[in-house]
Engineer: 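Can you read through this structure? Questions will come right after.
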Amino acid sequence: MYATRPIDSSANMPTIQVQWKGPNGSGPEWVPLKQDWSERWCTLPDRFTNEFALRIRDFETRSSDVFLVTFMKSGTTWMQELAWLLLNQLDYEAAQSSYAMVRSPYLERSILYPDAPDSIARCDKMKDNPRLIKSHLPAQLLPEQLWKQGRKIIYVARNPKDVVVSSYHYATGLNYWHGSFDKYVDEFVSDKIPYNPYWAHVIDFYRMRDEENVFFVTYEEMSRNLQDVIRRLSRFLGCKELTESEMDKLLNHLSFKNMKESKYGDQTGLLKALHKSDDDFQFMRRGIVGSHKDELGAENKDKIDKLTCTFLKKYGLSEADIFGVI
Ligand code: A3P
């Protein structure tokens with residue numbers, strides 16, 4: 001059902017690449033994209049076994065479910081906070097008394113935290129209505145029912161150079177990955193970092209952005225005009241239109257400064273408690289568009305730009321078509 005191959009990566013866990021393998025070379029025909037799926041591999045910890053993959057594929061969804069899918073470090077938590085509040089009638093009291101990651105669980109979390117309770121079972125048993133479920137899996141490894149039943153999917157993309165910078169700090173700060181920044185970039189461009197390849201992840205959702213059940217947005221759009229994103233997302237989710245004062249309060253709640261200063265807006269404390277993290281680890285790091293400009297270096301920038309150009313050429317797209325000029 002799924003093909004796997006081991007890879008050599010500096011992640012501090014055994015790593016494999018996983019591919020959906022349908023009968024007679026067919027793709028996951030429930031995903032509304034026609035392409036050669038044999039080119040779509042995804043790098044994951046080896047705890048993503050065939051059995052785990054099948055449990056995810058067969059995950060029972062509900063009509064009110066909303067799935068939030070991202071490549072890691074693309075503004076997932078920011079969007080979780082926004083979407084959860086819209087779906088829960090702006091319940092700030094609840095939002096200010098628990099972490100977004102508790103209110104909006106991570107479907108495949110068990111592959112990263114094997115000792116924690118089973119993440120699929122947790123999502124399955126969740127009583128919340130609607131459920132806001134987070135996943136970093138690419139389209140072909142997500143539950144089949146998302147597509148067959150047209151469940152709502154929010155996809156947030158962020159430009160690859162800022163993703164690399166943000167994820168390097170995250171992965172090394174939490175000791176998921178060991179090595180220099182240059183090595184991290186090399187492994188990112190050779191698809192050795194969990195959830196790589198980056199561009200296949202993003203482009204498949206970008207090409208499905210006009211599907212009725214898909215809301216595709218970028219971190220860059222959220223940074224440039226969050227109010228507009230909130231309005232569009234609210235319509236997509238079928239929520240009532242916000243009044244001016246509700247909008248102002250929500251914008252203030254979602255600001256980087258506010259989230260960083262609030263106990264449950266910034267997950268640093270929780271992540272430090274869960275991991276052997278570096279003392280100076282910060283989850284809410286910079287929160288800007290373009291942090292790569294003073295952190296990545298010319299050589300690493302060239303490597304990522306080359307990856308981008310080679311991949312996007314096949315689709316007649318440029319990075320600016322997706323993220324605007326950064
Ligand atoms: P940086 O490391 O560049 O600062 P994810 O939630 O997918 O792990 O993404 C984390 C990134 O989103 C971090 O980026 C973090 O600072 C940023 N982020 C989180 N909340 C934010 C907010 N309210 N405004 C802007 N960026 C935010």
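Just so we're clear, the structure is a prediction, and the values are computed from it rather than from any experiment. Just so you know, ligand 1 is whichever comes first in the structure, and atom 1 is the first atom listed for that ligand.
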Engineer: A cation-pi test, strictly: NZ or CZ of K313 under 6.0 Å from the centre of the six-membered ring of F311 and no more than 45 degrees from its axis. Yes or no?
Structural biologist: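 No, K313 does not sit over the ring of F311.
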Engineer: So among Q35, Q140, H201, which one has a side chain to side chain donor-acceptor pair (under 3.5 Å) with R40?
Structural biologist: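 Going through Q35, Q140, H201 one by one, the side chain to side chain donor-acceptor pair (under 3.5 Å) with R40 is satisfied by Q35 alone.
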Engineer: Mind checking what residues have non-hydrogen atoms under 4.0 angstrom from ligand 1?
Structural biologist: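 Contacts of ligand 1 under 4.0 Å: K73, S74, G75, T76, T77, W78, R158, S166, Y219, L254, S255, F256, M259, F283, M284, R285, R286, G287.
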Engineer: Do the numbers put K152 on top of the ring of F67, so that NZ or CZ is under 6.0 Å from the six-membered ring centre and no more than 45° off the axis?
Structural biologist: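 K152 over F67 ring: no.
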Engineer: Scan for ring-ring contact (aromatic ring centres under 6.0 Å, His included) pairs involving residues 257-279, sequence neighbours excluded, and state none if there are none.
Structural biologist: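 Sorted result for residues 257-279: Y99-Y264, Y113-H275, Y176-H275.
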Engineer: Going by the side chain to side chain donor-acceptor pair (under 3.5 Å) test, which pairs reach into residues 41-54, not counting sequence neighbours?
Structural biologist: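 Residue pairs passing side chain to side chain donor-acceptor pair (under 3.5 Å), neighbours aside: Q17-T43.
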Engineer: For residues 183-201, pull every pair meeting salt bridge (Lys or Arg N to Asp or Glu O under 4.0 Å), keeping only residues two or more places apart or in separate chains.
Structural biologist: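 Matches after skipping sequence neighbours: D186-K303.
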